[in-house]
2 protein chains.
Amino acid sequence: MNTRVSIQDVAQLAGVAVSTVSRVLNGYRDVSEETRAKVQRAVEQLGYRPNQAARTFRTGKTQSVSVILPMIGTDFYNRLINGIDQVLALHDYDAGLFPLLSPRRLERYRNPSAPPYNADGLILASLNPDRLFEGGQIPADLPTVLVDIAHTAYDSVTVDHIEGGYLAGKHLLERPAPTFVVMIEERFDTPFASGVFRERLKGFQRALEEDSVKLPKDHVITVEFSWDGGRLAAQEILRRLEGPANIFATCDLLAQGLIDEFAHKGIKVGGEVRLVGYDDQPWAEAYGLSTVKQPIESMGGLAANLLLKRIKRPPAEVIHRVLSPRLVVRESSRV
Amino acid sequence: MNTRVSIQDVAQLAGVAVSTVSRVLNGYRDVSEETRAKVQRAVEQLGYRPNQAARTFRTGKTQSVSVILPMIGTDFYNRLINGIDQVLALHDYDAGLFPLLSPRRLERYRNPSAPPYNADGLILASLNPDRLFEGGQIPADLPTVLVDIAHTAYDSVTVDHIEGGYLAGKHLLERPAPTFVVMIEERFDTPFASGVFRERLKGFQRALEEDSVKLPKDHVITVEFSWDGGRLAAQEILRRLEGPANIFATCDLLAQGLIDEFAHKGIKVGGEVRLVGYDDQPWAEAYGLSTVKQPIESMGGLAANLLLKRIKRPPAEVIHRVLSPRLVVRESSRV
DNA sequence: TCAAGGCACAAAAACGATTTCGGAAACGAT
DNA sequence: ATCGTTTCCGAAATCGTTTTTGTGCCTTGA
C-alpha cells in the first residue's frame, strides 16, 4: 500500500514530464510560472519527497562529509567538531560524525564501502590512515583531509607541538629551578597514538638547550594518561626534592592531578612550584593553570575549508597547514 | 582517466555476466568455486569496490541509522551514544551522529531530504519531533525511535523522572529538616526543552505528600542551568535559614555549584546540610554527592534494539519503554 | 531413451532521479 | 511571409547495482 511516491507520480498528476518536475525541484529557470505552480501543487498534494539515494546515485554527490574520530566527549573533539561544523554549515554541507567507539567499529570502518566513506569527503581526526586501514587504503577518489595528525599523502591541518613545548620551556626558564617534564606513556599499537607528547617534550628540550640548561633523563617522568598519573608524578617529584621546581605537564589532565596532589601535601602550585600544562581545558582558568592553548576550532575550520576546496576543484598538490599554539600564563607559573 | 571501475568492468575481465559478479559479491551460493575465484581475482586486480550509492538506491537499505541529538560532549550523551552504538555494532549496523550544533543545522535538518534521514532508521535524542520539524513531519516511512523524551506517535525509551524525584524525596525524608528544591528554568521555545525538571520536582513532592510533609512554594528555587545557578541557590538558602536542611538539586551541575558555595562559606555538605543531586556525573563520586542515577546506556541500547526491530518487521503498535532510575547514596546525604 | 529436476550462469528489467538532446511554439526582425 | 532566436517542455539515455526470469546442460530415475 505504502509504495513510495516517485517523481513519476508527480509528473503524472501534474500532467508534465518527469524532466520538468526535476527542473522545478532543482530550481532551474526555464520553466514557466504556470507549470512550476502546477508541479508544486502536485508535489504537495502527494507529499512527495525526492529519493535521496537515487539522487546521490545519479549525481554522485551527497552534500555531506564524514568525520571519523577516535572518540567524542572530550573538550578537544568538541571544539574541533564545532570548528568543522561551522564552516561546513556555511557552505551548505552536512557533517556526519563517526566515532570509533569500539574495536568492532574500527573493524567495520576498515571496509571501504562502510557508511563513512559514502560522502563527498572525509575528515580524519587524530587518526593515522595507515594504521586505521592496516593493509588497505582510504578510497583513492574520496577527498580526504587529516586533522591533528600529518601524513605525506594527505592534506593535513595540525598544531605545532614542538613549538608548544618550546613556549612552555622558554616561559619556565624565566625563573631557574630544577625542571621536570611529566610525559604520557603512549601505546603505539593502536590507530590512536599520535606521538604528540614526544614532540612537546622535544620542543621543551630545545628551549632549554638554547639556554644551555640540561634536562636530566630522570627528570622526565612517564605516567599513564589519567588524573592519577598526575598525582603519581607529583609524589615522585616530591620524593626527589624539596624547594622550588619548574614542571611541564604534557597535558592538562596530568597537570590537574599534580595540582591536586600538591594541594593535598599543602603545597600551592604557583609559588615555589611552577607548573605549565597543555590543552587549556575548560577548567584550567578556574584552576589558575598556565597552559599551552591550541587553536582547535581554527584547526577544524581550516580542515573543512581545505576539504571543500578539494571537493570542488580537481586535485592539486598535497597541502599541509601547521598552526601555532599560544601560551596562556596564569597563576600556576607566574614569576 | 579515473573513471571509476564498475561491476561491468569486473564482469568483463572475469568473462562472466554482471549478475554473476553480484552474486559472488553478496555471497550467494549458486556459483561454482571456479567462477567465484575468477571473479574475486578480477575484483582484486581492478581494485573494484561497489558503488554504495547505487547499492542503496537499488536495495533501499543503508545498514546505518542516524542519531540526531542536541549536542555532544556531555556525559549524558556520551553514555547514550555508547549504549546505542554497542547494540548497533552488534547487529552490523553503523551509526551516524548529527548533533544540532547551530541554529543553521537545525534549519537544515528540517529538510526531510537532509542526510540524517537518508538512513534505515532514526533515533531522536531529547528532541521533540513536533518542535524540531515545526510544521512538518518526520518522513513517515522512516522507522524512528525517541529517546529521553516521549511522544504518542513514536516509539520511545525514557527514564522515569517522577520516580527519580520520588526516590530523592523519600531518602531526604529520613531525617526531617527544612527542605528545598533547586529547579532549572527551562525555555520552552526551543526544540531542546524537555520538562524533565518539573517531573523530578513532581516526584519529589509526591514523596513528601505521602508523609504529609509540606514543601512551601518559596522553597522551590529556580535558577539557570549552570554552576553559577547552583551557587546562587546556595546563597539564597543560606539567606533563608541556618541549621539543618535537606536539598534536592534537580541536576548534578547545580549540586556542584551548591557544594562549592557551601564549602566557600565553611559548610561541609553531608552533615547538617544534606544534598541529593540528579544524573550521577563522573565527578559525583569524588565529590561524595548522593544522586539519582539514570540507566543511560541501557536507554540507548534499548532504543537501538527497538529501532532495529522496527526496521526489520512490518510496523506494529507504538511502544513506550520507561526505565527506572536508581538512588546512589553517598556522603552528601547520609544520615 | 526420455522426462524431470537441479545447477550454474546469462540476459534483461528495474530502482528514481538527472541530464542531454531536440522539437514545437512563440516571438521579433527583416 | 520568412527566417532566426528564445522559451518551454517532452523523450530518452544514463548512472551501477540487485533481482527476476530464462536457458542450456548435466544428472537422475523409471
Side-chain angles (χ1 to χ4, degrees), chain A residues 2-40 42-43 46-63 111-115 117-118 120 139 141-142, chain B residues 2-40 42-43 46-63 111-115 117-118 120 139 141-142:
Chain A
N2 200 12
T3 157
R4 275 263 315 238
V5 21
S6 82
I7 197 172
Q8 317 262 5
D9 307 318
V10 177
Q12 191 166 8
L13 179 62
V16 300
V18 290
S19 50
T20 303
V21 178
S22 176
R23 275 190 290 260
V24 170
L25 257 40
N26 292 288
Y28 293 147
R29 56 184 164 341
D30 61 345
V31 177
S32 71
E33 270 317 313
E34 193 182 356
T35 15
R36 186 179 300 273
K38 254 196 311 189
V39 169
Q40 249 142 12
V43 164
L46 294 175
Y48 166 73
R49 73 197 171 86
N51 179 326
Q52 208 52 31
R55 194 175 256 184
T56 299
F57 168 53
R58 175 63 226 239
T59 63
K61 296 279 152 228
T62 65
Q63 285 292 309
N111 173 359
S113 321
Y117 313 114
N118 206 359
D120 294 351
D141 46 2
L142 182 64
Chain B
N2 200 10
T3 155
R4 275 262 316 237
V5 22
S6 82
I7 197 171
Q8 317 260 5
D9 306 317
V10 177
Q12 192 166 6
L13 179 62
V16 300
V18 291
S19 51
T20 303
V21 178
S22 176
R23 274 190 295 261
V24 171
L25 260 40
N26 292 288
Y28 293 147
R29 57 185 162 337
D30 65 345
V31 178
S32 71
E33 271 315 313
E34 192 182 358
T35 22
R36 186 179 299 273
K38 255 195 313 190
V39 168
Q40 248 142 11
V43 163
L46 294 175
Y48 166 74
R49 70 198 174 88
N51 179 326
Q52 211 48 35
R55 195 174 254 183
T56 299
F57 168 52
R58 176 62 228 237
T59 63
K61 295 282 153 222
T62 65
Q63 284 292 310
N111 173 0
S113 322
Y117 312 115
N118 204 0
D120 295 350
D141 47 2
L142 182 65

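Every value quoted in this text rests on a predicted model; they were computed, and no experiment measured them.
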Could you tell me how far apart B:Arg36 (CZ) and C:dC7 (P) are, to the nearest whole angstrom? 14 Å
Check each of A:Asp120, A:Thr56, A:Asn118 against A:Thr62 using the side-chain hydrogen bond (donor to acceptor under 3.5 Å, both in side chains) test, and report the only one that passes. A:Asp120
Heavy-atom side-chain proximity of A:Leu25 to A:Val43 below 4.5 angstrom: yes
Residue pairs meeting side chain to side chain donor-acceptor pair (under 3.5 Å), one or both in residues 24-34 of chain A, sequence neighbours left out, come to A:Ser22-A:Asn26, A:Ser32-A:Thr35
Quickly work out the A:Ile7 CD1 to C:dA17 P distance and round it to whole Å. 5 Å
Would you tabulate the nitrogen or oxygen pairs shorter than 3.5 Å linking the protein to nucleotides 6-8 of chain D?
none

Could you measure the distance from the CG atom of A:Leu46 to the CZ atom of A:Arg4? Nearest 0.5 Å is fine. 12.0 Å
Axis-to-axis angle between the two ends of the helix from C:dT1-D:dA30 to C:dT30-D:dA1 (five base pairs per end, rounded to 10 degrees): 50°
Salt bridge (charged side-chain N to carboxylate O under 4.0 Å, His left out) with B:Arg49: which residues, sequence neighbours excluded? A:Asp141
Not counting sequence neighbours, which residues clear side chain to side chain donor-acceptor pair (under 3.5 Å) with A:Asn51? List them please. none
Please write out the pairs of protein N or O atoms and N or O atoms of nucleotides 19-26 of chain C separated by less than 3.5 Å, giving the distance to one decimal.
unit_1: C:dT19; atom_1: OP2; unit_2: A:Tyr28; atom_2: OH; d: 3.0

Have a look at B:Gln8 and say if it touches a base, only the backbone sugar-phosphate, or nothing, with a 4.0 Å heavy-atom cut-off. base
Of all heavy-atom pairs between A:Arg36 and A:Gly27, which one has the smallest distance, and what is that distance? NH1-CA, 4.5 Å
Atom-pair distance (CG on B:Asn118; C1' on C:dA17), nearest Å: 13 Å
Under the ring-ring contact (aromatic ring centres under 6.0 Å, His included) rule, collect the residues that match up with A:Tyr48, sequence neighbours excluded. none
When rounded to whole Å, the CZ to P distance for the pair B:Phe57 and D:dC15 reads 13 Å
Specify the closest pair of heavy atoms between B:Pro139 and B:Pro112, including all atoms of both residues, with the distance to one decimal. CG-O, 4.0 Å
Please report, rounded to the nearest Å, how far the C1' atom of C:dG16 is from the CD atom of A:Gln52. 12 Å
When you measure from the side-chain N and O atoms of A:Arg4 to the phosphate of C:dG16, is any distance below 4.0 Å, counting only OP1 and OP2? no
Let me have the donor-acceptor pairs involving side chains of residues 11-21 of chain B, under 3.5 Å, with sequence neighbours excluded, atom names and distances please.
unit_1: B:Thr20; atom_1: OG1; unit_2: B:Arg23; atom_2: NH2; d: 3.4

Mind calculating the distance between CZ (B:Arg55) and P (C:dG16) to the nearest angstrom? 19 Å
